[in-house]
Student: 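The structure under discussion is supplied below as structure tokens; questions concerning it will follow.
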Amino acid sequence: MARFHHTATSDEETSYRTSLYDLGSEYVVYLSVGDPPQSNAFLVDTGSELLWMQCEPCRQCFNQTDSLLIFDPFDSLSYKEINCNSAQCHHHKSFIKGCNDSKCRYEYNYADKSYSHGKIITEMLTFSLDGDPVENIVMGCGNDNAGVYSGVYNGILGLGPGSYSLINQMRVTNFSFCLPGPNFFKSTTLDMFYTGPDKKTTIIAPLFRNPFTTYHYVGFKGISLNNEMVPIPSFNWDPNFNHGVIIDSGTVMTRIPRNAYNIFLKAFLDFTTDDMIPTEPPKDHVDLTCFSTWPEKYSVPEIKFHFTSTSSLTLTTMQVFTFDTIENRIGEETKLLVCLGFVPMDIGFTILGSKQLQGTRQTFDMVNSKLKLTPNECY
């Protein structure tokens, strides 16, 4: 039986939806690749551009969970490698690294030293909930992949604004998703061409492009504690001077330039009570600021993100902190290890991480350059 296939250049705004899962603070969607379709799990990453997956034959591939298979091009009738002289081999991109046997090759490197190297290909992509298969999607077929990959996914779905991004290839006008928090026990959705929601609680912030990067910059003017603005110099939020604020679902904690972070931390500590006792962070997270305290006995300031649209987003306690219990001697009252979900970094821009946006539906309006943030709107 013949199937009708949409192409990546279609102007129709058909609904394309897939389920989105929280797999240990990593947000994963399932998309099928190829004909016949092979199921793949992709990390949702608004901070990068390329869609890629692990491919056979593997020169070096990271370990995956047993339920995931490595994509095998020989099992797909729609698999096509891109020639070096093809218009789809964008040599001006820094990650396009010449050719091998006349085929277009990529080397995509991430800030945490993880990487994926392989061939640029075209394939058919199918969303799990709605939408016809989409043909001729340009993506990476990674034969050499290593780094800080958890193995609950076998590829990355880059949703940044670059030319290789899926949102550009599908000519997506709006896309939307909600990152479920720790108390949300079912999947949410990633929706292409979804424009909502429009509620009284919806916050609208401007989006900006920096022509030298593939990030979504958001208009940002500061952080407040109990409605007092933290005195961080405003140039830290300005995308025109190698600074600015980006939205990155692939980064867990919000990361702030070190000098700005020190100002924020000092102000935060001024608001904490004596029940918040500074303590050493876990050995695998040495950059966190942590406290030991007792349940129901601590008080912390209300934190808000302020955007240049005059809107502000109030963070919940679960968005601000990570929590763990501390082993105590028998008979002692249970204590908590509470760590601030903000960390310093030694680069100029700020990253709003997934931790601080859990439970908030993010809708990217690519036509009008706006970001809608709607709290408590996972469904």
Side-chain angles (χ1 to χ4, degrees), residues 18-34 38-73 94-97 105-121 123 125 128 137-160 162 164-166 177 179-180 182 187 190 214-215 246-255 282-288 322 341 343 345 347 351 353-355 358:
T18 189
S19 297
L20 188 155
Y21 298 86
D22 176 6
L23 300 181
S25 295
E26 294 185 302
Y27 297 97
V28 173
V29 295
Y30 290 87
L31 301 170
S32 293
V33 179
Q38 301 177 43
S39 180
N40 288 266
F42 294 95
L43 180 75
V44 177
D45 186 13
T46 57
S48 66
E49 172 181 358
L50 187 65
L51 163 63
W52 65 265
M53 62 197 167
Q54 298 207 106
C55 285
E56 297 285 5
C58 270
R59 176 182 163 196
Q60 177 179 223
C61 285
F62 56 85
N63 293 330
Q64 303 174 171
T65 56
D66 292 340
S67 60
L68 295 176
L69 299 177
I70 294 175
F71 181 81
D72 192 340
S94 62
F95 57 84
I96 297 297
K97 296 296 183 182
R105 300 193 65 84
Y106 74 94
E107 295 181 6
Y108 210 101
N109 301 306
Y110 297 91
D112 64 1
K113 310 301 182 185
S114 301
Y115 65 84
S116 174
H117 299 171
K119 296 177 181 178
I120 296 292
I121 66 166
E123 257 295 6
L125 195 67
S128 65
I137 292 294
V138 180
M139 63 181 71
C141 191
N143 311 113
D144 182 4
N145 319 292
V148 189
Y149 298 119
S150 68
V152 298
Y153 52 85
N154 54 353
I156 290 183
L157 174 58
L159 293 175
Y164 274 117
S165 175
L166 183 63
F177 59 86
L179 305 177
S187 65
L190 166 66
T214 55
Y215 298 133
I246 69 170
I247 302 285
D248 183 3
S249 61
T251 297
V252 178
M253 305 293 181
T254 287
R255 297 180 176 271
K283 292 181 180 179
D284 55 344
H285 293 288
V286 295
D287 51 355
L288 292 179
T322 65
V343 295
M345 66 177 183
I347 58 177
I351 302 172
S354 60
K355 173 72 176 172
Q358 285 178 337

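Being a predicted model, the structure only gives us computed values, none of them experimental.
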Student: Measure across Lys119 and Asn143 and return the closest heavy-atom pair with its distance rounded to 0.1 Å.
Tutor: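 Closest pair (atom of Lys119, atom of Asn143, distance): N-OD1, 4.3 Å.
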Student: Output all residues satisfying side-chain contact (heavy atoms from CB on, under 4.5 Å) with Ser48, sequence neighbours left out; order by chain, then residue number.
Tutor: Asp45, Tyr108, Tyr110, Ile156
Student: Once you round to the nearest 0.5 Å, how far does CE of Met253 lie from NZ of Lys355?
Tutor: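 Reported value, rounded in 0.5 Å steps: 6.5 Å.
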Student: If you measure from CD1 on Ile120 to CD1 on Ile96, what distance do you get to the nearest 0.5 Å?
Tutor: 4.0 Å
Student: Tell me, with the steps shown, if His117 and Asn109 meet side chain to side chain contact (heavy atoms under 4.5 Å, CB included).
Tutor: CA-CA 8 Å; His117 299 171; Asn109 301 306; 3.4 Å; yes
Student: Would Phe95 and Tyr164 count as a side chain to side chain contact (heavy atoms under 4.5 Å, CB included) if you check the C-alpha gap in whole Å, the side-chain angles of each, and the deciding distance to 0.1 Å?
Tutor: CA-CA 11 Å; Phe95 57 84; Tyr164 274 117; 3.4 Å; yes
Student: Take Asp248 and Arg255, measure what side chain to side chain contact (heavy atoms under 4.5 Å, CB included) needs, and give me the verdict at the end.
Tutor: CA-CA 10 Å; Asp248 183 3; Arg255 297 180 176 271; over 6 Å; no
Student: Looking at every heavy atom in both Asp22 and Pro180, which two are closest together, and how far apart are they?
Tutor: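 The answer is OD2-O, 3.5 Å.
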Student: Quick check for you: to the nearest 0.5 Å, what is the distance between Ile121 atom CD1 and Tyr106 atom OH?
Tutor: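 Result: 8.5 Å between the selected atoms.
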Student: What are the two closest non-hydrogen atoms of Ser25 and Gln358, and how far apart are they?
Tutor: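 So the two residues come closest at OG-NE2, 4.4 Å.
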Student: I would like to know whether Leu51 and Glu123 meet side chain to side chain contact (heavy atoms under 4.5 Å, CB included); could you show each step before the answer?
Tutor: CA-CA 11 Å; Leu51 163 63; Glu123 257 295 6; over 6 Å; no
Student: Not counting sequence neighbours, which residues clear side-chain contact (heavy atoms from CB on, under 4.5 Å) with Ser150? List them please.
Tutor: Glu26, Val152, Tyr153
Student: Using every non-hydrogen atom in the two residues, find where Gly160 and Ser165 come nearest and quote the distance to one decimal.
Tutor: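 Looking at all heavy atoms of both residues, the closest pair is O-OG, 2.6 Å.
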Student: How far does CZ of Phe42 sit from CG of Leu190, to the nearest 0.5 angstrom?
Tutor: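 Result: 12.0 Å between the selected atoms.
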Student: What pair of heavy atoms forms the shortest contact from Gly142 to Ser116, and how long is it?
Tutor: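 Residues Gly142 and Ser116, closest heavy atoms: CA-OG, 3.9 Å.
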Student: With sequence neighbours left out, what residues match Val286 under side-chain contact (heavy atoms from CB on, under 4.5 Å)?
Tutor: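 Counting only residues at least two positions away or on another chain, Val286 forms no side-chain contact (heavy atoms from CB on, under 4.5 Å).
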Student: Identify each donor-acceptor pair in which a side-chain atom of residues 64-72 lies under 3.5 Å from a protein atom, sequence neighbours left out, and give them as a table.
Tutor:
residue: Gln64; atom: OE1; partner: Gln54; partner atom: NE2; Å: 2.7
residue: Gln64; atom: NE2; partner: Leu68; partner atom: O; Å: 3.4
residue: Asp72; atom: OD1; partner: Phe74; partner atom: N; Å: 3.1

Student: My understanding is that only residues two or more places apart in sequence, or in another chain, count here; which of them pass side-chain contact (heavy atoms from CB on, under 4.5 Å) with Ala146?
Tutor: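 Here the qualifying residues are Gln60, Tyr115.
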Student: Thr18 side chain to Leu31 main-chain N or O, any donor-acceptor pair under 3.5 Å?
Tutor: no
Student: Quick one: CG on Asn145 to CZ on Arg59, what's the gap to the nearest 0.5 Å?
Tutor: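 If I round to the nearest 0.5 Å, the distance is 10.5 Å.
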Student: Quick one: ring-ring contact (aromatic ring centres under 6.0 Å, His included) partners of Tyr149, sequence neighbours excluded?
Tutor: Trp52, Phe62
Student: State, to 0.1 Å, how close Cys55 and Cys61 come at their nearest heavy-atom pair, and which atoms those are.
Tutor: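 Closest approach of Cys55 to Cys61, heavy atoms only: O-SG, 4.3 Å.
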Student: Measuring from atom CD1 of Ile351 to atom OG1 of Thr251, what distance do you get when rounded to the nearest 0.5 angstrom?
Tutor: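 Rounded to the nearest 0.5 Å, the CD1-OG1 separation comes to 4.5 Å.
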